[in-house]
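I have placed the structure first, in the form of structure tokens, so that the comments after it can refer back to it.
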Amino acid sequence: MKATKSIFILVNLIFMLFMFLTACGTTPEDTDTAERGADEEVDEPTGDPQYGGTIVLGTSGEPVIFNALYHQDSASADVTDLIFAGLTYTDESLEVQPHIAKDNAEISDDGLEWTFELQEGVLFHDGEELTAHDVVFTYNIFLHEDYTGPRAGSFTSLESVEAVDDYTVKFTLREPDARFHTLTGYSILPEHILGDVPIGDLEDYNEFNIENPIGAGPFKFENWDPGQSLSLVAHEDYFEGRPYLDGVTFRFASDSNALVLLLETGDIDHMIAPTSELVAIETYEHVNLSSTLALRYDYIGWNLQNPLFEDVRVRQALTHAIDRQEITETVLEGQAEVAHAPVSPLSWAYNEDVARFDYDPDRALELLSEAGWEPGEDGILEKDGEKFSFTILSNDGNTTRRDIGIIVQQYLGQIGIEVKPEQMEWGAFLDKINPPNYDFDAIVLAWGLALDPDPSAIWHSKEIENGLNNISYRNDRIDEISDINTTIIDQDERAELLGEAWAILAEEQPYTFLYYPNQFVALNRDVQGFTHHPRVDMYKVNEWWLNR
Amino acid sequence: MGKPENNVIQQQSDQTLGKRRSLLSIIVAKFMQNKLAVFGLFTLAIIITACVLAPWIAPHDPNFQNLRNRLAPPGPEFWLGTDHLGRDLFSRLLHGGQVSLTVGFVAMLGAVSIGTTIGAIAGFFGGRVDAFLMRLVDVIISFPNIFLLITLVAVLEPSMEILILVFALLSWTGTSRLVRGEFLTLKNREFVLAARTIGMSNTRIIFGQILPSAMGPVIVAATLAVGGFILAESTLSFLGLGIQPPRASWGNMLTYSQSVTIFRTAVWYPTFPGLMILITVLCFNFIGDGLRDALDPRVVEK
Amino acid sequence: MSTLLEVKNLKTHFFAKDKVLPVVDGVDFKVNKGETLAIVGESGSGKSITSLSIMGLVPKPGGKIVDGEINFDGKDLVQLSENQMYKVRGNEIAMIFQEPMSSLNPVLTIGEQITEVLIYHKKLSYKEARQKAIELLKIVGFARAEGILDDYPHRLSGGMRQRVMIAMAMSCDPKLLIADEPTTALDVTVQAQILELMKDLSKKFDSSIILITHDLGVVAELADRVIVMYTGQVVEESPIVSLFDEPLHPYTQGLLNSIPKIDEEVERLSSIGGNVPTPDSFPKGCRFSTRCPHVMQKCIDEQPELKEIKPGRKSRCFLHEEGVGS
Amino acid sequence: MTETLKQEKNSITQDKSDVLLEVEGLKKYFPVKAGLLQKTVGHIKAVDDVSFAIKKGETFGLVGESGCGKSTTGRTLIRLYEPTDGKILFEGKDISGLNEKQLKPYRKDIQMVFQDPYSSLNPRKTVGTILEEPFRVHKLYSKAERKERVEHLLEKVGLNPDLRNRYPHEFSGGQRQRIGIARALTLNPKLIIGDEPVSALDVSIQSQVLNIMDDLQKDFGLTYLFIAHDLGVVKHISDRIGVMYLGRMMEVAPKRELYSNPLHPYTQALLSAVPKSHPSEVKKERIILKGDVPSPSNPPTGCVFHTRCPKAMDHCKVEVPKLQELEPGHFVACHLYN
Amino acid sequence: MTTYIIRRLIMMIPILIGISILSFAIMYAAPGKPTVLNLDPDISVEDRERQMERLGLNDPAHIQYLRWMGNVLQGDLGNSFTRKQPVTQLIMDRLPNTIILMVVSTFLAVIIAIPFGVLSATRQYSKLDYGVTFTSFIGLATPNFWLGLMLIMVFSVQLGWTPVGGVSTLGSEFNLLDRIHHIILPAFVLATADMAGLTRYTRSSMLEVINQDYIRTARAKGFRERTVVYKHGLRNGLIPIITIFGLMLPTFIGGSVVVETLFSWPGIGKLFIDATFERDYPVIMAITMFAAVLTVIGNLIADILYAIMDPRIEY
């Protein structure tokens with residue numbers, strides 16, 4: 001009896017202790033005093049690069065396929081970027097730079113012939129040399145009628161590709177295409193391995209795609225333990241020299257919360273840090289945070305099929321009524337810039353000189369009044385007996401955008417507009433907003449921008465019916481600019497034309513452009529040589545090294 | 001002979017009149033013996049009252065944001081602090097309780113009504129009807145519940161109403177088996193046979209005779225179910241499929257415990273909804289346990 | 001004849017939250033060696049709890065022997081520790097119960113259930129125990145005893161199970177066998193079989209038997225002496241024949257008269273009016289006063305004592321004092 | 001007074017016009033399912049070809065041991081079970097094939113008193129409600145009249161009418177059984193089937209209830225089918241008695257005839273098994289039957305009793321004996337008398 | 001017995017077909033198509049259309065279902081839409097992890113619940129009983145994921161006793177201790193609710209048994225209380241637990257969704273969640289069916305065990 005009594009007490013004690021620990025054991029460590037700079041760089045390297053060591057990269061997405069011709073997800077891209085090499089790459093300032101190619105393309109005067117000289121001695125992981133024939137083989141897959149991947153649409157302007165000699169490859173276009181720059185970075189596949197596989201079967205050719213991808217990139221595929229980790233080892237004969245690291249391991253976790261904990265315990269060395277967790281991560285002494293502007297903007301899209309948003313003054317008023325500055329300073333921890341147009345400040349096509357609709361609720365009311373909206377009895381704006389009331393939709397996976405829906409409800413409520421925030425699961429959300437449904441009033445969403453600033457995919461009216469212009473925006477000048485801008489090879493000339501488009505869109509406010517967010521990489525202090533790329537997560541990993 | 005018998009009748013009636021105890025008072029007395037159950041009932045009463053009165057007693061608008069005062073610690077202005085959008089946690093806790101309790105109660109009512117009806121029909125009529133209904137139950141039981149829940153909630157927009165509907169549609173099987181079992185025994189009890197011999201219709205027998213006697217275990221199960229649904233809502237919230245903001249529920253407030261930042265800098269934020277769920281479900285379990293003993297037919301019939 | 005068991009002023013009460021239920025309230029009786037004593041009473045008379053008190057198996061929690069002695073073979077069972085009682089139960093005193101269908105463990109074979117007693121009390125090896133079990137089963141009338149050993153109880157009929165129970169009870173040659181309504185749940189033809197068996201066994205084993213029953217027919221068949229219990233008390237004690245010939249207590253009289261018999265015909269049964277009072281509502285005076293046709297004021301005010309009226313015969317009634325008699 | 005009445009009844013056995021209920025070849029089989037497809041592989045022959053008749057105003061006793069089918073017979077007669085075969089003629093009309101709607105008028109005429117006083121009353125309803133239920137079902141009387149009748153009935157069965165608002169658990173077993181009887185009486189039935197109505201009661205209470213049943217029979221002119229296993233009780237209450245064994249009727253006779261001159265070996269064994277009513281009584285040699293009642297799902301061939309019959313002949317294993325009238329009113333199904 | 005098992009197996013067929021139709025219908029009715037889940041401006045309308053065609057998503061629902069059914073009958077669960085791998089492969093990669101987790105947590109639940117349940121019953125109303133009762137109620141009332149989070153925070157992060165997640169230490173060879181180290185928390189969290197429930201069931205089942213006549217018989221035989229409880233009581237008391245146990249199986253799979261997410265445990269629960277969000281029909285169907293089969297088989301095994309434990313049951 002005595003024994004059981006003491007067990008009982010022990011059990012209770014443990015339980016209470018446990019409750020106590022969880023409740024009180026975690027006092028925040030001077031989070032308020034931590035300084036955060038927008039473009040803070042990682043500590044300067046503390047010495048010369050050294051070889052050796054393996055770093056663990058934390059990621060919540062698991063890759064699907066190690067073949068750039070078929071993957072659609074960023075987790076796969078992160079891995080393939082390390083295994084494969086392309087003719088070119090885009091550097092951290094978003095300039096296209098030669099990679100396997102000796103130099104950027106030599107473009108004929110009519111803009112139709114693009115010729116690359118390849119470096120010699122570029123070796124695949126199996127020791128075979130990468131030649132122009134591999135390049136031709138790779139790009140011909142896109143053009144093949146049996147190609148099943150998602151990229152055929154990008155290559156409609158490409159007529160043919162041929163090897164002039166072993167180290168020269170020539171692309172022939174049907175028409176000049178400024179975007180073609182960005183298409184020259186695709187991973188080059190080894191013809192000597194895949195040459196005999198029918199193109200139609202290539203997508204399911206798992207012997208290569210999943211089990212043993214062979215590329216010419218800095219790291220070799222070693223092992224994939226599904227759900228847990230994936231390891232790559234240094235490619236000794238990498239043409240730019242053996243990477244400093246012996247290997248790179250991707251460690252998969254369920255979500256960013258799990259990753260943060262892994263980072264805290266030192267189980268991972270690197271992760272893309274969510275803004276909401278910065279405060280915690282900053283307290284980790286063994287971790288550096290790097291930040292840079294992401295190639296992305298977040299917005300509220302107004303469904304222009306809805307009569308509420310027909311009037312441009314209404315849209316402008318809506319933007320006036322939302323304090324984007326406050327949102328960026330609070331919810332985004334100051335880690336964002338207010339956006340005014342659908343182009344990133346990082347882009348060469350950025351135009352600073354566009355209309356701005358800063359927080360000004362009075363002006364908003366004026367504009368609304370001009371548009372015929374006056375406060376009704378209950379304080380809600382009315383016009384012709386219609387109340388200004390709508391639903392703002394966001395997807396439930398993204399807490400920041402979900403919160404913005406709620407914040408907007410309050411801002412617009414203050415000027416007499418009734419907003420009902422709603423969240424949906426991503427798949428259902430897309431089904432609802434996309435053609436043919438267009439079943440929404442307003443959405444909170446973000447665009448991760450392509451390397452090429454061509455606006456047609458989102459803003460051209462031909463994209464209303466079946467494309468991404470789901471808010472049904474229609475502007476003849478925008479259509480025109482969309483149609484012609486890609487044929488202008490000269491970047492400055494094109495930038496000017498695009499600048500006009502941005503100005504129109506900023507004025508018309510089909511979206512309320514919210515902000516350009518920063519993106520963060522949390523990195524163990526031991527990792528050196530890191531360069532933060534706004535779009536590529538695994539950028540120049542061959543230059544990273546461990547100071548251990 | 002006549003005289004002593006009358007005498008006896010007199011004595012009998014005196015006797016029985018003396019120890020008169022209604023059914024309800026027996027149950028109540030038995031329930032009151034269970035200290036934990038009484039504690040549960042009392043605590044739950046306070047919680048429910050507070051939540052029902054939320055619109056009047058909440059010190060702040062539960063949805064009013066002050067972005068400049070995010071994650072403020074508990075203090076005189078905001079008793080339990082503020083959340084990540086600067087809303088008053090205490091007020092949200094009260095309003096969230098309304099939602100959580102509504103989900104629990106209404107889903108329970110739905111599940112119990114469906115389960116009772118189907119179980120009663122299957123148990124009473126037996127034969128093919130029973131076989132068919134029980135196969136249906138088998139299908140639903142064999143259906144991995146949480147998977148269906150996830151799929152359904154993902155597919156339908158996760159509003160409170162949908163959540164209740166899905167919970168009710170997926171959770172009646174237990175009740176129906178329970179009720180069926182009760183019906184199988186009760187339908188051969190002599191008082192039911194007696195009802196049949198006087199020509200009482202099946203409907204009347206089912207609802208007037210058997211069902212009231214079968215309700216004991218159902219009430220117990222229903223009590224436990226309310227707690228179960230509150231927990232289920234919080235689990236779905238964890239998976240991002242629960243009640244959606246800005247509407248507060250204990251479940252979706254609790255999910256912020258996932259965030260390391262909130263855990264480090266504002267541990268009170270997820271702690272309070274967590275405690276509310278814990279205490280409320282605990283109370284329901286205590287009450288259910290107490291009712292199980294109190295409603296045990298052996299108590300009433302002996 | 002020597003006394004095997006003497007129960008003196010046994011009081012077993014049940015304690016509910018707010019009340020004490022005197023289920024057995026001052027019971028005295030003796031059992032002699034080799035004798036069959038019947039305890040007769042209706043439900044609520046306390047006869048079963050009396051027997052469980054002897055076994056030291058008063059239902060817990062709630063029940064407790066609050067007073068009295070149970071002298072068995074030189075020891076007071078009330079005073080024995082639980083450890084000492086283990087050696088008495090099943091060994092010196094065995095018991096069989098009313099419900100043969102539920103008194104055997106459904107998941108153990110008959111063999112396991114008989115042999116375990118022998119192995120435990122008599123320290124036999126499994127083999128010896130099994131042999132002995134076969135013998136016992138043969139004694140209680142199983143022709144194919146070996147076959148029965150490996151059967152589970154549910155395969156046997158009620159009568160067969162009761163035989164198994166008897167075999168089990170007799171396995172350690174107990175000095176006293178308590179049979180609590182051993183035939184009540186059985187059909188009349190099977191009851192006849194069991195009664196015959198018990199008669200044989202009591203001779204063969206020379207055990208004393210306490211037979212607890214409400215059925216005066218069974219008593220007439222088996223018992224040497226009878227005590228009649230009512231509401232936790234003994235109201236009459238008598239040798240068997242004289243009880244039937246000349247019942248002393250009005251309750252016994254009523255009981256005997258209210259039974260329809262197959263060899264007599266009466267136009268109308270006599271009956272005892274009213275109901276047996278429950279332990280929480282025992283009357284202050286004579287406990288039978290609420291139903292007694294001869295009730296007097298004294299009966300309502302005072303409790304009569306159990307007194308010897310004639311040699312070997314006791315009754316608890318004021319009528320005898322007044323000389324009214326039967 | 002009653003003595004003479006009963007004798008009168010006995011003398012007019014053959015008069016068909018006085019028959020209230022006639023059962024002809026009644027069978028009730030319960031299917032036994034087994035195997036892959038749960039096919040019916042056999043039947044429990046609970047009642048197998050039973051015939052008898054009950055005359056107006058008499059008490060017909062049905063005795064037998066557990067599993068003999070006496071209760072099933074009673075429940076089939078009142079149509080709680082669907083008869084497998086046979087006719088149930090109530091006042092000359094066959095009610096065996098009627099559906100519940102057609103049956104409703106007969107529901108008033110035949111009522112049942114059940115064995116278990118604890119489970120036969122709905123524990124959640126007051127006695128008053130329980131007793132008024134039959135009126136509500138048959139839409140009889142006004143509210144006030146119902147109340148009056150219920151009080152009257154309670155008085156009739158010896159209970160204080162003031163107790164009508166009580167719940168069953170507040171009553172003792174004997175009182176509950178009286179309530180059960182009162183319920184059976186509400187609709188003024190012609191026939192009451194008593195299914196072991198006193199076997200769950202204590203001896204002293206049993207006699208109270210038997211007396212009440214006797215009184216009510218006189219007052220209301222009731223006919224009883226009294227099912228019991230206690231031979232003493234059956235003898236006391238019945239005018240004629242049928243003895244059942246394993247679903248079949250073994251012997252039917254007026255009670256005195258049956259007890260003084262049992263013809264069937266089973267009846268003889270049954271009677272001899274009854275314990276003595278006085279310790280000094282010397283019994284005729286007791287017939288101890290071997291073994292147990294066989295399973296009704298697999299009854300013996302021929303005469304179902306042959307496996308235990310001390311007088312069994314080879315013939316008994318083969319042929320089913322017919323129930324034949326050996327003496328006026330005394331029927332026996334046994335090959336000994338062929 | 002064999003007939004019974006065969007009959008039960010045959011009865012599974014309509015149930016499983018019912019489940020497959022139901023889940024297919026729900027899935028099909030779900031808004032959102034697998035290939036349009038990415039809003040990628042680089043992917044053209046034609047490319048999307050071609051993918052729909054390739055995956056057979058343009059066919060009518062019943063054709064898709066029958067095709068799926070036909071393939072399943074031939075043992076082919078199809079290829080994942082989003083993961084480019086055979087579903088069988090995906091499941092086989094993750095199933096062992098889920099099974100190990102289930103087995104260990106079941107083991108934990110049983111090993112803790114049954115002794116405490118029995119003790120609680122045999123010492124009804126004792127302090128121990130109240131302690132066990134209270135603790136199991138707390139276990140039942142704690143949101144599973146919250147408990148998991150707290151345990152991670154305390155034991156993994158604060159104290160550093162256990163790893164934050166995963167099945168084993170990265171890159172290490174198989175090591176039993178390492179595995180145990182990793183599984184202990186998730187298994188415990190997964191087991192909690194069932195552990196608590198099982199304790200309650202064991203308690204009430206034992207209480208029921210202890211009041212049976214045959215227990216009184218055993219006592220009357222003079223056995224010590226321990227023999228009475230453990231030899232005569234426990235086996236009877238465990239019989240109903242077996243049924244509960246059969247019903248517990250599917251809850252483990254269900255619970256694994258949460259636990260696997262919390263502990264980054266690469267099992268099929270996590271796979272299922274992902275597949276749902278990705279509208280990866282073949283994976284959803286396969287896992288649903290797998291869980292259904294497991295449930296049905298779990299019930300069957302429970303019934304068979306029941307029959308083995310209880311000699312009264314004969315088929």
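Each chain gets a letter, A, B and so on, in the order its sequence line appears, and its residues count up from 1.
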Margin query: For the OH atom on E:Tyr28, are there more than 12 heavy atoms of other groups (residues, nucleotides or ligands in this structure) within a distance under 6.0 Å?
Written below: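 Enclosed: over 12 neighbouring heavy atoms sit under 6.0 Å from OH of E:Tyr28.
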Checklist line | Exceeds 12 heavy-atom contacts within 6.0 angstrom, atom CZ of B:Phe39 | finding: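 Counting neighbours around CZ of B:Phe39, 12 or fewer heavy atoms of other residues, nucleotides or ligands fall under 6.0 Å, so no.
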Next item on the list: Go through E:Ser23, E:Ala141, E:Gly298 and name the one with the most non-hydrogen pairs under 4.5 angstrom from chain B.
Entry: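 Heavy-atom pair counts peak at E:Ala141.
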Next item on the list: Look at E:Pro14, E:Pro143, E:Gly18 and state which one has the largest set of heavy-atom pairs under 4.5 Å with chain B.
Entry: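 The candidate making the most pairs under 4.5 Å is E:Pro143.
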Per-residue contact mode, [X] against chain B (heavy atom under 4.5 angstrom):
{"X": "E:Val293", "value": "neither"}
{"X": "E:Met11", "value": "side chain"}
{"X": "E:Ile15", "value": "both"}
{"X": "E:Ile284", "value": "neither"}
{"X": "E:Ser204", "value": "neither"}

Next item on the list: Measure distances from B:Leu231 to the heavy atoms of chain E and classify the residue's part below 4.5 Å as side chain, backbone, both or neither.
Entry: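 Answer is side chain: those atoms of B:Leu231 sit under 4.5 Å from chain E.
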Next item on the list: Determine, stepwise, if the pair E:Val157 / B:Arg264 fulfils side-chain contact (heavy atoms from CB on, under 4.5 Å).
Entry: CA-CA 12 Å; E:Val157 180; B:Arg264 296 288 165 155; 3.1 Å; yes
Taking the side chain as every heavy atom from C-beta outward, state whether [X] and [Y] have any pair of such atoms under 4.5 Å apart.
{"X": "B:Ser234", "Y": "E:Trp146", "result": "no"}
{"X": "E:Tyr130", "Y": "B:Lys35", "result": "no"}
{"X": "B:Phe284", "Y": "E:Phe137", "result": "no"}
{"X": "E:Thr261", "Y": "B:Gln258", "result": "no"}
{"X": "E:Asn144", "Y": "B:Phe238", "result": "no"}
{"X": "B:Val281", "Y": "E:Leu140", "result": "no"}

Check: When rounded to the nearest 0.5 angstrom, what is the spacing between CG in B:Leu282 and CD1 in E:Ile138?
Finding: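 If I round to the nearest 0.5 Å, the distance is 5.0 Å.
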Checklist line | Euclidean distance, B:Ile277 CD1 relative to E:Thr142 OG1, rounded to 0.5 Å | finding: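 Here the interatomic distance stands at 10.0 Å.
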Margin query: Taking salt bridge (charged side-chain N to carboxylate O under 4.0 Å, His left out) as the definition, give me every residue that meets it alongside B:Asp138, ordered by chain and number, with sequence neighbours left out.
Written below: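 By the salt bridge (charged side-chain N to carboxylate O under 4.0 Å, His left out) rule, B:Asp138 matches B:Arg135, B:Arg177.
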Next item on the list: Give the C-alpha distance, both sets of side-chain angles, the deciding distance and a yes or no for side-chain contact (heavy atoms from CB on, under 4.5 Å) between B:Leu254 and E:Phe145.
Entry: CA-CA 10 Å; B:Leu254 181 57; E:Phe145 70 91; 3.7 Å; yes
Check: Among B:Ser257, B:Cys283, B:Gly227, which residue forms the greatest number of heavy-atom pairs with chain E at distances under 4.5 Å?
Finding: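 Among B:Ser257, B:Cys283, B:Gly227, the one with the most close pairs to chain E is B:Ser257.
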Item checked: For chain B, which residues of residues 193-202 of chain E have heavy atoms nearer than 4.5 angstrom ->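 So the qualifying residues are E:Arg200.
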